[in-house]
Amino acid sequence: MDFIEIIKAVILGIIQGITEWLPISSTGHLILFDNIWPMTSTPEFFEVFKVVIQFGSILAVLVLFFHKLNPFSPKKSTAEKQETYTLWKKVAVGCIPIVIAGLPLDMVLEDYLSSVYIIAATLILYGIAFLVIESRKKQPTMDSLEALTYQAAFFIGCFQVLAAIPGTSRSGATILGAVILGCSRYVASEFSFFLAIPVMAGASGLKLLKYFLKTGMFSGGEWILLIIGTFVSFIVSIFAIRMLLGYIRKHDFKIFGVYRIILGMIVILYFAFLG
């Protein structure tokens with residue numbers, strides 16, 4: 001096992017853990033890193049690697065929000081258990097668009113739109129969108145998960161389909177959509193986290209199945225890289241989620257819009273003149 005490859009797996013795990021939950025595109029950052037300092041493994045393995053390490057990010061959400069997401073908790077009253085069931089129903093409704101359109105699109109678009117210039121363009125486009133939306137003086141109409149309607153959950157899921165284009169950001173699209181629909185920043189972020197659980201688990205499972213059917217099992221070294229990347233992603237995700245929820249209690253998303261625009265411009269300049 002090459003020590004340099006382990007270092008890359010750690011860095012990619014850190015990138016995944018941070019960027020999955022911040023609205024700045026985890027897939028875009030992972031692809032950009034691989035263009036600058038690629039793993040020496042096969043391209044097929046990297047495609048699986050960047051999806052499978054999402055399991056670490058999912059586990060972080062389940063750990064941090066276990067009580068809120070667990071409808072069987074003996075510490076919850078009957079009413080609270082019912083609220084939890086209702087929350088999961090809203091998550092299920094929000095997953096409908098991605099099941100119908102998102103997964104098929106992701107399989108097609110990722111092969112054709114993974115260009116660094118496409119990533120740069122979507123980074124900038126959604127960065128501008130965050131600045132525009134956050135410049136409005138509109139008060140949220142849904143300031144709790146209980147107030148989130150099934151209709152809003154469905155349309156947030158429609159925004160999630162946009163993340164099939166690399167560089168968009170799944171969390172960025174869902175958070176932006178939720179805010180446009182009238183959710184508070186905190187509710188938009190929380191629902192985006194919960195919506196990610198079935199979506200990311202499904203995407204990771206499908207990617208693994210396709211890889212096994214086409215290529216077979218991972219080698220011992222590949223298993224080590226996957227475990228390291230997933231573990232690092234889990235640890236970093238815990239801190240990233242806590243940081244984001246703490247930050248948006250007092251701030252808006254404009255800083256992420258600015259970051260996206262600056263990064264998109266840097267990517268264009270780098271690959272135009274140095275890449």
Side-chain angles (χ1 to χ4, degrees), residues 12-13 15-33 47 49-62 65 90-110 113-114 118-119 121-123 125-127 129-130 133 152-181 183 185 187-207 233-234 236-237 240-241 244-245 248 253 256-257 259-260 263-264:
L12 288 167
I15 293 172
Q16 166 63 29
I18 295 174
T19 60
E20 181 60 51
W21 307 116
L22 306 187
I24 54 177
S25 178
S26 60
T27 301
H29 280 77
L30 293 173
I31 293 174
L32 291 174
F33 179 83
E47 286 300 307
F49 178 88
K50 66 185 176 69
V51 175
V52 171
I53 61 174
Q54 293 177 348
F55 277 124
S57 298
I58 298 170
L59 183 59
V61 175
L62 292 173
F65 297 97
K90 292 174 183 177
V91 169
V93 169
C95 289
I96 292 173
I98 201 77
V99 171
I100 294 175
L103 293 178
L105 277 175
D106 183 65
M107 295 176 186
V108 174
L109 296 181
E110 191 172 43
L113 297 181
S114 291
I118 295 292
I119 294 172
T122 52
L123 282 169
L125 177 63
Y126 282 90
F130 268 108
I133 297 302
F154 177 81
F155 283 113
I156 292 170
C158 291
F159 276 94
Q160 185 171 231
V161 174
L162 298 173
I165 303 174
T168 297
S169 169
R170 190 208 59 80
S171 61
T174 52
I175 288 173
L176 190 66
V179 170
I180 291 172
L181 291 167
C183 293
R185 299 183 186 97
V187 170
S189 299
E190 272 202 329
F191 191 69
S192 174
F193 298 159
F194 303 155
L195 202 56
I197 297 172
V199 170
M200 290 166 58
S204 299
L206 283 174
K207 187 72 75 171
S233 171
F234 166 69
V236 175
S237 287
I241 292 169
L244 178 62
L245 292 179
I248 61 176
F253 289 108
F256 300 112
Y259 172 83
R260 292 180 65 109
L263 179 62

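- Once rounded to the nearest 0.5 Å, the distance linking CG of Leu32 with CD1 of Ile119 reads 4.5 Å.
- Across all their heavy atoms, Ser25 and Leu123 have their closest contact at CB-CD2, 4.3 Å.
- Side-chain contact annotation: Thr168 with Thr122, donor-acceptor N/O pair under 3.5 Å absent.
- Proximity of Phe33 to Leu30: side-chain heavy atoms (C-beta onward) are nowhere separated by under 4.5 Å.
- For Tyr259, the side chain to side chain contact (heavy atoms under 4.5 Å, CB included) criterion is met by Ile24, His29, Leu263, not counting sequence neighbours.
- Taking CG of Leu12 as the start and OG1 of Thr19 as the end, the distance is 10.0 Å to the nearest 0.5 Å.
- To the nearest 0.5 Å, the span separating CD1 on Ile53 from OG on Ser237 amounts to 9.0 Å.
- Looking at Ile165 and Ile118, their side chains come closer than 4.5 Å, going by heavy atoms from C-beta outward.
- For Ala201 against Ile58, the heavy-atom pair with the smallest separation is N-CD1, 3.3 Å.
- Listed by chain and number, the residues in a side chain to side chain contact (heavy atoms under 4.5 Å, CB included) with Ala196 are Trp21, Arg170, Met200 (sequence neighbours excluded).
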(message) Using the rule given for side chain to side chain contact (heavy atoms under 4.5 Å, CB included), can you reason through Gln54 versus Glu20, listing the C-alpha separation, both sets of side-chain angles and the distance that settles it, and then say yes or no?
(response) CA-CA 8 Å; Gln54 293 177 348; Glu20 181 60 51; 4.0 Å; yes
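- In this structure, CG on Leu245 lies 4.5 Å from CZ on Phe193, to the nearest 0.5 angstrom.
- For the pair Phe191/Thr174, no side-chain contact is recorded, criterion being any heavy-atom separation below 4.5 Å from C-beta on.
- The two atoms that bring Val199 and Cys95 nearest to each other are CG2-SG, 3.9 Å, heavy atoms only.
- Under the salt bridge (charged side-chain N to carboxylate O under 4.0 Å, His left out) criterion, Arg260 pairs with no residue at all, not counting sequence neighbours.
- The heavy-atom pair separating Ser204 from Val51 by the smallest distance is OG-O, 3.0 Å.
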(request) Would you sort out whether Ser57 and Ser233 count as a side chain to side chain donor-acceptor pair (under 3.5 Å), showing the intermediate values? (result) CA-CA 6 Å; Ser57 298; Ser233 171; 2.9 Å; yes
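- When all heavy atoms of Ser189 and Phe253 are compared, the pair lying nearest together is OG-CZ, 3.6 Å.
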(request) Quick one: do Val61 and Ile241 satisfy side chain to side chain contact (heavy atoms under 4.5 Å, CB included)? Show the steps, please. (result) CA-CA 8 Å; Val61 175; Ile241 292 169; 3.7 Å; yes
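- Rounded to the nearest 0.5 angstrom, Ile180 CD1 and Leu176 CG are separated by 4.0 Å.
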(request) Step by step, work out the side chain to side chain contact (heavy atoms under 4.5 Å, CB included) result for Phe65 and Glu190. (result) CA-CA 10 Å; Phe65 297 97; Glu190 272 202 329; 3.4 Å; yes
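- Side-chain contact between Ser169 and Tyr126 is absent, with no heavy-atom pair separated by less than 4.5 Å.
- In this structure, CZ on Phe256 lies 8.5 Å from CD1 on Ile248, to the nearest 0.5 angstrom.
- The shortest heavy-atom contact between Ser192 and Ser171 is OG-CA, 3.5 Å.
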